[in-house]
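In what follows, a single structure is set out as C-alpha cells and then discussed.
Just so it is clear, the values below take in all heavy atoms, side chains as well, and ignore hydrogens, waters and symmetry mates. The chains referred to below are lettered A, B, ... by the order of the sequence lines, with proteins before strands, and numbering in each begins at 1. As the structure is a prediction and not an experimental result, all values here were calculated from the model.
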Protein chains: 2
Amino acid sequence: METSRSESADIKQHLRALGLRPTRQRVAIARLLLRGGHRHLSADDVLAEARRAEIPVAQTTIYNILRQFADVGLVREVLVESGRAWFDTRTSPHVHVYDEVTGAIQDLDHDPHALGLPENLNLPADVEVKDVSVVVRVSYKSK
Amino acid sequence: METSRSESADIKQHLRALGLRPTRQRVAIARLLLRGGHRHLSADDVLAEARRAEIPVAQTTIYNILRQFADVGLVREVLVESGRAWFDTRTSPHVHVYDEVTGAIQDLDHDPHALGLPENLNLPADVEVKDVSVVVRVSYKSK
DNA sequence: TTTTATGCAAAACATTTGCAAACCG
DNA sequence: CGGTTTGCAAATGTTTTGCATAAAA
C-alpha cells in the first residue's frame, strides 16, 4: 500500500483543525480508520489493523487516540454491551441495530435528531446536546 | 423495616410468573429494587443496598440476579459508559439523559417506540425487537 | 527547549467462571 | 432426592495509570 504525500497532508490538517497534534500514530490511525467503508471496531480491532498495516503503536496509545478521536467527533463510541466499547467510523447520524445473538452491530439510515427529541428536552440554556444515540436491540423469535 | 407476608408472596408469585425460582436472594433483591422510586443502580450499588438491608447475598449472585432480572424485564440495563453497566428500576418506556460531566443519568418521559422507529426497520419476520434505547448525551456550554 | 504524546509494565475495575455446598420443589 | 442456585476464590478482559523516553512545535 502506497501512502500519498497529499493524503497525509490532508489528514494532518484535519487533525490540526480538530485541535490534535498530528503525531505519527494519530495520522496513521486516522488514515486507517477513515479509509472507506463504515465499520464498528473495538480498541483491539484497531490495534490488530494497525499491526497488520505495520504501524508502530502501543495498545495504550490506541486507547488514548480512540478516546481523543471520539471527543473531537472523528469517530463515535458505541455502547451496546457492558465491558467493551465499539468505535464507529461513521459519524453521520444513524441508528444502531444490535443483534443480541450474534453480537453484530448494523447501521440503519435514520437520523435520531429527526425524532423530535432534542426539542422536547426542555434543557437549560447552558446545556449542550453532544450526541443522541439510539440502539435497537434485536434477537430471533423462537419457533 | 417490616417484611409483610403478603408482599413476599406477591413477589414470589411475580418471579414465578417470569420463570424464575423465588429463592431467598431473588425475592429479597426484587423487593429492594421494586420498592418505590425509579433509580439507576450499578451492581455494586445493589450489593451495598443489600448489605445495608442485611440481605445475605454474594456479589456473584448480585450479578447473576441482575442479568436474570434484566432478561425477564424486571429491570433494564442501561449502557452510557464503557466499563460499567447501570440497571434501571423503571421499565416503562423512556429516554435517558446522560450528563457527561457529572455522570448523572436522568429519565425523560418520552416513549422511544413513539419515534416511528421499529416500523422503519424493515426487519425480517423472525427478528424480534427486544428493546429500543435512547441516550441523549449532554454537557455544559463553555463560557 | 518546552510542551505534549508515546509506550511499557503494572494497576484497577467490572464482570465471569469453575466448582462444592446449600437450597427449592 | 434431583436439578438449580448460591457463594467463594480465582480468572478474564478491558481500560487506566505512573513514569521515563521520544517526538512535535
Nearest-0.5 Å distance that lies between atom CG in Leu18(A) and atom CZ in Arg16(A): 12.0 Å
Test of ring centre spacing under 6.0 Å for His38(A) and His94(A): no
Nearest-angstrom distance from the residue atom CD of Gln59(B) to P of dA10(D): 14 Å
Close residues, residues 15-30 of chain A, relative to DNA chain C [heavy-atom separation under 4.0 Å]: Arg21(A), Thr23(A), Gln25(A), Arg26(A)
Distance in angstrom units between Asp44(A) CG and dT12(D) C1', rounded: 13 Å
Between His40(B) and Asp45(B), a side-chain donor and acceptor under 3.5 Å: no
First-last contacting nucleotides on DNA chain C - partner chain B, under 4.0 angstrom, heavy atom: dA14(C) to dG25(C)
NZ-CG distance between Lys12(A) and Asp10(A), expressed to the nearest 0.5 angstrom: 11.5 Å
Expected output: side-chain Arg26(B) to main-chain Arg21(B) donor-acceptor under 3.5 Å: yes
Closest-nucleotide ordering on DNA chain D, the 5'-leading residue of Pro56(B) and Gly83(B): Pro56(B)
Any donor-acceptor N/O pair, Thr89(B) side chain to Arg39(B) backbone, under 3.5 Å: yes
Atom-pair distance (CZ on Arg67(B); P on dT5(D)), nearest Å: 12 Å
Pairwise distance CD1(Ile62(B)) to CG(Asp44(B)) - rounded to 0.5 angstrom: 9.5 Å
Rounded distance [0.5 Å steps], CG in Asp131(B) versus CZ in Arg76(B): 4.0 Å
side-chain contact (heavy atoms from CB on, under 4.5 Å) partner of Phe87(B), the single match among Val78(B), Val75(B), Leu74(B): Val75(B)
Glu81(B) CD - dT14(D) P separation (whole Å): 18 Å
Closest-nucleotide ordering on DNA chain D, the 5'-leading residue of Phe87(A) and Ile62(B): Ile62(B)
Phosphate OP1/OP2 of dT16(D): any Tyr63(A) side-chain N/O under 4.0 Å: no
Divergence of helical axes at both termini of the helix from dT1(C)-dA25(D) to dG25(C)-dC1(D) - five pairs an end, 10° steps: 40°
Reported CZ-to-CD1 distance for the pair Phe69(B) and Ile29(B), which is rounded to 0.5 angstrom: 7.5 Å
Heavy-atom closest pair, residues Arg35(A) and Glu49(A): NH2-OE1, 3.1 Å
